[in-house]
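What follows is a single structure, written as structure tokens, with notes after it.
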Amino acid sequence: QVQLLESGGGLVQAGGSLRLSCAASGRGFSDSAMGWFRQAPGKEREFVAPISWIGGSTFYADSVKGRFTISKDNAKNTLYLQMNLLKPEDTAIYYCAAASSRYYSDDAGVYSSWGQGTQVTVAS
């Protein structure tokens, strides 16, 4: 099973950028689809973006489309989320997740491994 550790969160002004990283250890990262999810205070966890096992296929939640970019470096066992033009409504704990297969989805149920999360706060 893959173990995941997120980093890169912090406090940023609206309009700014952050890059989140998710370092993976254990077997299976290169064969796993991955995803980013987020959970804001008082709200349910929501999908941000998934990526295929080889990194060639992605899609995005409408709320982040055109601003966020997900990428996967199998050589470095690392997943990234580049976040630009951040808005206060992007404030949340961001989680990376690994699927137990190559199948990528916006459904949290297909992901079997989760990181502990990293806080992103966007000030207005």
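What you are looking at is a predicted structure, and each value in this text was computed from that prediction instead of being measured. For the single chain, residues carry numbers from 1 onward in sequence order.
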Are the side chains of Lys72 and Ile54 in contact, using a 4.5 Å heavy-atom criterion?
no

According to salt bridge (charged side-chain N to carboxylate O under 4.0 Å, His left out), who are the partners of Arg102, at least two apart in sequence or on a separate chain?
Asp31

Residue set satisfying salt bridge (charged side-chain N to carboxylate O under 4.0 Å, His left out) with Lys43, at least two apart, ordered chain then number -> none

Residue pairs passing the ring pair (Phe, Tyr, Trp, His ring centres under 6.0 Å) test with at least one member in residues 4-38, sequence neighbours excluded, are Phe37-Tyr111, Phe37-Trp114

Count I, L, V, M, F, W, Y as connected when their side-chain heavy atoms are under 4.5 Å apart, and connections chain through other members. Are Val48 and Val122 then in the same cluster?
yes

For the CD atom of Gln39 and the CD1 atom of Ile93, what is their distance to the nearest 0.5 Å?
7.0 Å

To check you understand the geometry: which heavy-atom pair defines the closest contact between Ser113 and Leu4, and what is its length?
O-CD1, 3.5 Å

Atom pair OG1 (Thr91) and CD (Gln119), whose distance is rounded to the nearest 0.5 Å
7.5 Å

Hey, does Leu20 have a side-chain heavy atom less than 4.5 Å from the side chain of Glu6?
no

Cluster overlap Leu79 with Leu18, hydrophobic side-chain contacts below 4.5 Å
yes

Any pair with a residue in residues 44-58 that passes side chain to side chain donor-acceptor pair (under 3.5 Å), sequence neighbours left out, goes on the list, sorted by first then second residue, please.
Arg38-Glu46

How far apart are the closest heavy atoms of Gly9 and Val120, and which atoms are they?
CA-CG2, 4.1 Å

Would you give the length of the straight line joining atom CD of Gln3 to atom CG of Asn77, rounded to the nearest 0.5 angstrom?
11.0 Å

Find out if a path of hydrophobic residues (ILVMFWY) with successive side-chain heavy-atom gaps under 4.5 Å connects Phe47 to Val64.
no

Answer yes or no: is there a side-chain heavy-atom contact under 4.5 Å between Leu81 and Phe68?
yes

For the backbone of Ser7 and the side chain of Thr118, can you confirm whether one donor and one acceptor N or O come within less than 3.5 Å of each other?
no

How about Thr69 and Tyr60: do any of their side-chain heavy atoms sit closer than 4.5 Å?
yes

Output every pair passing disulfide (SG to SG under 2.5 Å) with a member in residues 62-119, not counting sequence neighbours, ordered by first then second residue.
Cys22-Cys96

Within one Ile-Leu-Val-Met-Phe-Trp-Tyr cluster: Tyr104 and Val2, side-chain cutoff 4.5 Å
no

Tell me, please, which residues at least two apart from Arg67 pass salt bridge (charged side-chain N to carboxylate O under 4.0 Å, His left out).
Asp90

Would you say the side chain of Arg19 lies within less than 4.5 Å of the side chain of Tyr80, judging by non-hydrogen atoms?
yes

A quick test of your reading: do over 12 heavy atoms of other residues, nucleotides or ligands sit less than 6.0 Å from CZ of Phe59?
yes

Quick check: closest heavy atoms across Leu86 and Val12, and the distance to 0.1 Å?
CD1-CG1, 3.6 Å

Where do Val110 and Ser105 come nearest, in terms of heavy atoms and distance?
CG2-CB, 3.9 Å

Identify the two heavy atoms, one from Ser17 and one from Leu85, that lie closest to each other, and give their separation to 0.1 Å.
OG-N, 4.3 Å

Please report the shortest heavy-atom distance between Ser124 and Gln13, naming the atom on each side.
O-OE1, 3.8 Å

